[in-house]
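This report refers to the structure that appears directly beneath it.
All values below come from the heavy atoms of this structure, side chains included, with hydrogens, waters and symmetry mates left out. Each chain gets a letter, A, B and so on, in the order the sequences are listed, and its residues count up from 1.
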There are 2 protein chains.
Amino acid sequence: MAASEDRTARTTVRTITDLARLAGVSPGTVSRALAGKSLVNTKTREKIEALAREHGFRPNQMASGLRRQKTGVIGVVIPLGHDTRQQISDSFFMTLLGFLADELTTHGYDLMLRRVVPEDDADWLDRFIGSGMIDGVVVIGQSDQFERIEEVADGYRSMVVWGNHQEGQRHCVVGTDNRLGGRLAAERLIAGGARRLAFLGDTGPMEFAARFAGAQDVAARMGLPDVQPLATHLSPDRASEEIAGHLAQHGRSIDGIFAATDTLAALCLTELRAQGLSVPDDVKLVGFDDLPIARQTIPPLTTVRQDIAAGARGLVDLLLRRLGGETTESLVLPPELVVRETA
Amino acid sequence: MAASEDRTARTTVRTITDLARLAGVSPGTVSRALAGKSLVNTKTREKIEALAREHGFRPNQMASGLRRQKTGVIGVVIPLGHDTRQQISDSFFMTLLGFLADELTTHGYDLMLRRVVPEDDADWLDRFIGSGMIDGVVVIGQSDQFERIEEVADGYRSMVVWGNHQEGQRHCVVGTDNRLGGRLAAERLIAGGARRLAFLGDTGPMEFAARFAGAQDVAARMGLPDVQPLATHLSPDRASEEIAGHLAQHGRSIDGIFAATDTLAALCLTELRAQGLSVPDDVKLVGFDDLPIARQTIPPLTTVRQDIAAGARGLVDLLLRRLGGETTESLVLPPELVVRETA
DNA sequence: AGGAATCTTGCAATCGTTTGCAAATGAATC
DNA sequence: GATTCATTTGCAAACGATTGCAAGATTCCT
């Protein structure tokens, strides 16, 4: 049993005090050595480091966090609005989360993920912040919690939010210029000959509302009829039916659809085909996000691209700045129209 | 300034000691009251709870964690193998992560997410476990770290892994029976008339290797030529080219493709179309996972379904059992063939 | 060699909660 | 009213790392 010999040979060293005893110094010195402070003699430091490595010792983050009053952990919270189920697996949020994880890691932070349902728990944000477990928080999506977030922002600086920017708001937000995105989409639809536009998706969430408003801006400017909102949920199973319903009812009276999301656009494409409507000939379609799926639909989706990686970088950059005490402005990223074949 | 009056009116109460002073009791009593222990008089408890609510007090989790030697946090780590980039945004993992978040939340745990690149950091797993920040860990995907995980499992009980089960392994794993899944896929391809099969995807990762082996089992049993492995990366951008290359080279000499993943299958479908091969007439195609995209391709994808929600439930259930001291067997979930139109 | 200046180290308090133990309070019994 | 027993509380020691302060050890200068 070579392995177990190996294991028992090393005295078990869990605490900095154990290690100090082994090294024949005081715990304080070990702490300083491991923290890489310059106040400790090079020789002792090396000895301590060697011992630490040999015994696979790692300082307890809880204790360290408690004493230093910082944890090295950033909270990431996803508030789920009305549309509880499934939203977290929405591709866009997940991709953003992935990039966020990357970005935080490279800056030496860990990520604590929490999904919350604000309706069940009015206290969701305070509770997270007040837990003492996180140094700062990234809120992914304002959902229908704009006011709550504003209130919290007044008393807590270490927060950055992904979402829509509104004139005069008090919380620091990073997000795409959704209204502009909506305009780009509508302009494209109209340039292709569409006259009676529809917006596919729930107009409740701020980001979607802004996209819708952008499209409406353009329709109004061009003297076209109002853009018709077609409400749907986001989860694929419910959305499919809802879309089918909408199309059955309005399919022939609209010739341009702006979908709130590529996911919805893809579903819509399937339903359009099912109802014998051809894209882009009968109906033109523009999505939003430019997720991988946009390239794989048939025909490939014309869409408004959000730069997710840049968003994640922005969130982390701003948050770290705020942790450092700076005051930061919101960051609004430009959307980009990606022309493929549906409009 | 009503708001600020409101704010200054309440003495700021951050610690349990502050609250104790307000309530006129000792910190110990407050602690017990808030923890809902029965040793405290109902009247004092109510008073304390009221004060806590009024001042929005929440006990510091770090201090609590340190003292109780448990944190209420489960670590979730995603090891990224060769295929570093993007893998975290792989739909399957992300969906699993979403369900995991749900499941842990309902059991009162928080989730700490960490991506690691084992090649850059041999110590990835020990470091996470030894940090003292987590009560247990879920490893999502064995990647190429099977051995490392086995070693750790010998000395650390609070770990559950998503991945492939191998006879006699020492770590507790939850996962689909990939080999059986591979058999189902191959059987379907062959039943449809395919004779020269190929496996699309990297056969390095254990799970994929098992799927490949399952397909190979069937081919061998039926006396067909070996299943030809067509290696690709997982990230869509690289995969597309690679698939195109494979098809250009072998496209005419194979009539059944088993893709390691729905994502790859969808890309493959696009490339097949581009090369003028019709599915399922010229080539039959089966995917794996049954992600939402499988329903949206044209034609919709025949695939092998993994029950992701059940997987997440299993992971959490087993992990909690192990935290409670039980010894647990691995959990192997049955795959299910979902027949659509590509095979 | 004596003293100042510079490095290294150890000591002990601290971060905020929890909890074993014992003291104090109140209720119940004879 | 004295005694016993059960409830409630307070006290103080943990949990494990960090850090200001001061003492001890070196080095350097004159």
field: Upstream residue (5' side of DNA chain C) when A:L39 and B:S64 are each assigned their closest nucleotide
entry: A:L39
Phosphate OP1/OP2 of [N]: any [X] side-chain N/O under 4.0 Å:
X	N	result
A:T44	C:dT8	no
A:S26	C:dG10	yes
A:T29	C:dG10	yes
A:Q69	C:dG16	yes
A:S31	D:dT18	yes

- request: Report which part of the nucleic acid A:V30 touches: base, sugar-phosphate, or nothing (heavy-atom distance under 4.0 Å, all strands).
  value: nothing
query: Of A:T15 and B:G28, whose closest DNA chain D nucleotide lies nearer the 5' terminus?
result: B:G28
message: I'd like to know if B:R32 reaches the base of C:dG20 with its side chain such that a donor and an acceptor end up less than 3.5 angstrom apart.
response: yes
Donor-acceptor pair (no angle test) under 3.5 Å: B:R67 side chain, C:dT17 base: no
Rounded to the nearest angstrom, tell me the gap between atom [atom1] in [X] and atom [atom2] in [N].
X	N	atom1	atom2	result
A:K43	D:dT26	NZ	P	12 Å
B:R45	D:dT7	CZ	C1'	13 Å
B:L34	C:dT18	CG	C1'	12 Å
B:K47	D:dT8	NZ	C1'	14 Å
B:L19	C:dT17	CG	C1'	13 Å
A:L66	C:dT14	CG	P	14 Å
B:N60	C:dT18	CG	C1'	13 Å
A:I16	C:dT14	CD1	P	19 Å

query: Ion pair present between B:R148 and B:E151, side-chain N to carboxylate O less than 4.0 angstrom?
result: yes
message: Heavy-atom count check: over 12 atoms from other residues, nucleotides or ligands less than 6.0 Å from A:E329 CD?
response: no
- prompt: Looking at D:dT19, C:dT9, D:dT9, which one has an atom nearest to any side-chain atom of A:K37?
  reply: D:dT19
task: Could you work out which one of D:dG16, C:dG10, D:dT19 sits closest to the side chain of A:R68?
output: D:dT19
task: Scan B:D317, B:V316, B:I74 and name whichever one has a side chain to side chain contact (heavy atoms under 4.5 Å, CB included) with B:E103.
output: B:V316
